[in-house]
Amino acid sequence: MSWVSIGSMTDIPRRGARCVETPLGKIAVFRTAEDRVFAIEDHCPHKGGPLSQGIVHGAAVTCPLHNWVISLETGKALGADDGSVRTIPIKVEGGVLFISLAVAADRAA
Amino acid sequence: MKLVIIGNGMAPGRMLEHLLESAPGRYDVTIFNAEPRVNYDRIMLSPVLSGEKNYEQIIIHGDGWYIKNGITLYKGHKIVAIDREAKTVTSDHGVVEPYDKLIIATGSVPFILPVPGNTLAGVLSYRDLDDVNAMLLAAQSRAKAVVIGGGLLGLEAAAGLEAQGMDVTVLHLMPTLMERQLDPAAGYLLQRAIEDRGIKVICKANTKAIVGDKKVEGVELADGRIIPATLVVMAAGIKPNAGLAKEAGLATSRGIVVDSGMHTSDPDIYALGECAEVGGHVYGLVAPLYEMARVAAAHLVDEGSTAAFVHNDTPTKLKVTGIELFSLGDFADGEDRHEIVLRDASAGIYKRVVLKDNRIIGTVLYGETADGAWFNDLKKKQVDITDMRDTLIFGQAYQGGAPLDPMAAVAALPDDAEICGCNGVCKGKIVGAIQEKNLTSLDDVRAHTKASASCGSCTGLVEQLMSVTLGDAYNPAAVQPMCGCTTLGHDDVRRLIKAKGLKNIYAVMQELEWTTSCGCAKCRPALNYYLVCDWPGEYADDYQSRFINERVHANIQRNGTYSVVPRMWGGVTSAKELRAIADVVDKFNIPTVKVTGGQRIDMLGIRKEDLPAVWADLGKAGFVSGHAYAKGLRTVKTCVGTDWCRFGTQDSTGLGIRIEKFMWGSWTPAKVKMAVSGCPRNCAEATCKDVGVICVDSGYEIHFAGAAGLDIKGTEVLGLVKTEDEALEVIVALVQMYREQARYLERIYKWAKRVTIDEIRRQILDDLDKRHGYYDRFVYSQNFAQVDPWSERVSGLHKHEFKPMATIGMADAAE
């Protein structure tokens, strides 16, 4: 699996998100209150809302368009809604974040 | 017939309610109140002191009630003389009022220890709202306080002062606390609970002097100890205030002597309340005082009435949050008495029932008081308890067969069982009212029956009764929780943020026991707003708790692009501004430009990354953010008024611009849209706005609480003011009241419906102190709110919001 560096954890505010532009589309990278990080595609399964713009709470994000709540761990919609987004492998080494697009690309293929 | 009442406490207030109900219009009523205010619930002073309630919430009769019932109320007038020959009373301001019937309800005065230093500044009693306000002021110093007296009042005062952050010591002359209501065992448990809160308790403390030079510095005890204090509260008891009656030659003893019909020794003069003495007893708890009120009203309506006051023991409850305490009747040891005691040390429970001839004569419950009403009922009816003696102490649920659930226990109560001790309301009356009047909410039941409307300690019982009576039709969780993270409603959260001094989101979640680690998308924006509103200058706005639009100061659109609306004060623009907008539209290829309903220009379809550059160009032309995305002040729409219009009566454009320049940047519970029309033709459509002004020849008609969205609703008229300055002041105060009270996302019209138009009018138009208070708080908070968010971001603030973290090319991805 090949990892690509995308910047450091402190580039993202706690309980916030940043985007990474990739050939496969935008990826949203999240940092929780407890400094856990997650990466998912920045595209709500409901109507394609930019999840990176939502409010981050626990290990979940609420989509800014219609308030779907998406689990950052599984990419699945929580509560009564049904749907899921792809999760992207992410790791932290010495405060630097790496994602792996190969897997994402495979899945997309 | 002319009825004059001296005193405006809870007893005469209740008497008037009875009188107005059974003989409306019989009497022309005038009240003299030495306190400069209306009738409020004195039982609730302790929650006001601890910060759990405020004055507005404990008013029983607002100004409107007196007006509606044609009652003249002299506030701040103390009666100094009664002339029984001439049948007149005279106030300290020189008002002389004749009467046919007179009621003396002068209440009681605090007992002030006759020790040196008792008049020093910083020595207070605990009787009325002025005392509470003085204590709250003193508490701001977070310094040391001494409360003299470990009875009901003293302990409530101590708990309240402690809640306000003071270091409190209670001095009590007797060996155990509340010795008149509690036996020593319960007194000990109580002392431990009080000490657990960080309040020091010294029993057998004999106060010798209050020391200090001009101001209180400490309390000296007979054993020589000195307890340092900057505030001393005397709560060592009360005595009936019978001085005025005595000077008028009426029979007095400890109080004003009355017969069982509340007549004094003068047939045209009645006395009731804490100042009255009936059958050798004087009273301080509300239930017997309300009974006096009922009896006095009956005699005023019908001189031959047989209504008579009968002595009854009243249960005592301590109103200190977290301490459950119930005491009733006589519980001293004695030869002819038996007692049953239950103790559970680890659970902090102590129960004792005192029996004489197999009948209950006294009860003390500590830690678990749910059976208080049941024991009270058994005692009142003198029930022979022989058959249930073995299980009596376990309470009603354990009588006869399997344990009952609480609901069944309430269902099993007889119809004449007393539910509300304060107001003497029995089960049958409540059930009857629920069924006859189709009551479905607790507030309705309070309004119709008065049950749980005074001290509120029977609220749980009343709710259970509603469940039993209505079945599934009653939803006991009448308070809608804020969200799934808490059981508290918005109002409780707002109140507790203030009362507990919670100044960041984590403190709120910790102290109010949120069930999630960091909230959700519903509660976080609400909490952020409450903290921004309540602690201006102290609370650091938490942008991660704001909805995206407020975080990036633009409106997100369905495709993830944004729209931008610059501010155009009062809807007025110029060639220069329009040119700048046109240039921005060209430069950034903005696909749509549209005029909004609030007289602004909206540029739609801007990419997020372009926002700072768009704002930079707009900023150069003098534009600031139009806050079209904010739960805050949006737009003030205007017509051209006297500048151009042949019908205009005032400078509506100028006023609109002035309001907008004064108020922009303020955050509010939901969006606030305003308009100013220059004449009643109302071209600015002010009568469907959150706040609107209709200019007329004689001034400015202030409107509010309109809606033209999901709901359509014309505005209510707040009132007419003469000058532009006053119009601005009233509007600002109104919006601040809304900011402080409304629930997040609640528009003005919904908030106004809840708190009532009359109440808003009373606070904003009639009460100048209130109005100025709101106004000043708004102005203060604007110091921190009136910053253009666009120029901040052009200068680099939050730049992480607008740029991707990284861009990964094809080569990287394919690796």
Side-chain angles (χ1 to χ4, degrees), chain A residues 1-24 26-29 31-34 39 42-44 47-69 78-79 97-102 104-105 108, chain B residues 483-485 504-506 509 514-528 540-562 607-609 611 629 745 797-815:
Chain A
M1 193 185 285
S2 71
W3 295 94
V4 186
S5 149
I6 54 168
S8 75
M9 174 138 80
T10 51
D11 291 342
I12 312 173
R14 284 202 176 113
R15 296 173 302 153
R18 297 282 300 271
C19 294
V20 175
E21 302 269 12
T22 79
L24 306 170
K26 264 188 196 169
I27 288 171
V29 184
R31 177 184 178 193
T32 69
E34 298 87 18
D42 192 15
H43 190 88
C44 181
K47 298 216 165 166
L51 294 170
S52 59
Q53 318 289 295
I55 289 179
V56 181
H57 44 95
V61 62
T62 297
C63 178
L65 291 196
H66 308 96
N67 295 324
W68 275 39
V69 180
L78 299 172
L97 304 180
F98 297 88
I99 57 171
S100 170
L101 285 179
Chain B
C483 63
C485 306
N504 67 62
I505 284 189
Y506 285 106
M509 292 181 178
W514 241 240
T515 57
T516 51
S517 66
C518 78
C520 69
K522 264 189 180 171
C523 59
R524 284 244 304 280
L527 294 179
N528 189 57
D541 201 326
D542 176 19
Y543 266 78
Q544 297 310 131
S545 294
R546 283 192 179 271
F547 182 64
I548 183 66
N549 287 357
E550 293 186 351
R551 213 158 72 218
V552 300
H553 296 275
N555 293 58
I556 195 167
Q557 303 297 318
R558 60 185 305 149
N559 63 356
T561 64
Y562 288 81
R607 297 188 318 141
K608 194 182 183 193
E609 301 83 85
L611 287 172
Y629 47 82
L745 302 185
L797 182 75
H798 294 167
K799 58 173 180 275
H800 63 81
E801 278 287 0
F802 305 100
K803 283 200 304 201
M805 186 178 190
T807 302
I808 298 174
M810 227 13 148
D812 296 325
E815 253 177 48

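The figures that follow rest on heavy atoms only: side chains count, while hydrogens, waters and symmetry mates do not. Residue numbers begin at 1 in each chain, while the letters A, B, ... track the order of the sequences.
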Portion of [X] that has a non-hydrogen atom of chain B nearer than 4.5 angstrom:
X	result
A:T32	neither
A:I6	both
A:P50	side chain

Measure distances from [X] to the heavy atoms of chain A and classify the residue's part below 4.5 Å as side chain, backbone, both or neither.
X	value
B:N559	neither
B:Y506	side chain
B:R546	backbone

* Is the closest side-chain heavy-atom distance between A:I27 and B:I808 below 4.5 Å? ->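 Result no, sub-4.5 Å side-chain heavy-atom pair not found.
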
* Asked: Under the salt bridge (Lys or Arg N to Asp or Glu O under 4.0 Å) test, which residues partner B:K608, sequence neighbours left out?
  ->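 Partners of B:K608 by the salt bridge (Lys or Arg N to Asp or Glu O under 4.0 Å) criterion, ordered by chain and then number, come out as B:E801.
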
* Roughly how far apart are B:N555 CG and B:E550 CD, rounded to 0.5 Å? ->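 The CD atom of B:E550 is 10.0 Å from CG of B:N555, to the nearest 0.5 Å.
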
* Who are the side chain to side chain donor-acceptor pair (under 3.5 Å) partners of B:Q557, not counting sequence neighbours? ->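 Only B:S563 meet the side chain to side chain donor-acceptor pair (under 3.5 Å) criterion with B:Q557.
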
* To do: Check whether any side-chain N or O of A:R15 sits under 3.5 Å from a backbone N or O of B:Q544 as a donor-acceptor pair, and report yes or no.
  =>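 No; zero donor-acceptor contacts below 3.5 Å.
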
* Asked: Top residue by heavy-atom pair count (under 4.5 Å) with chain B, among A:H66, A:R14, A:R18?
  ->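 Looking at each of A:H66, A:R14, A:R18 in turn, A:R18 comes out on top.
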
* Do the rings of B:Y543 and B:H553 sit parallel, tilted or perpendicular, given the 30° and 60° boundaries? ->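 The rings of B:Y543 and B:H553 sit tilted, inter-plane angle from 30° to 60°.
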
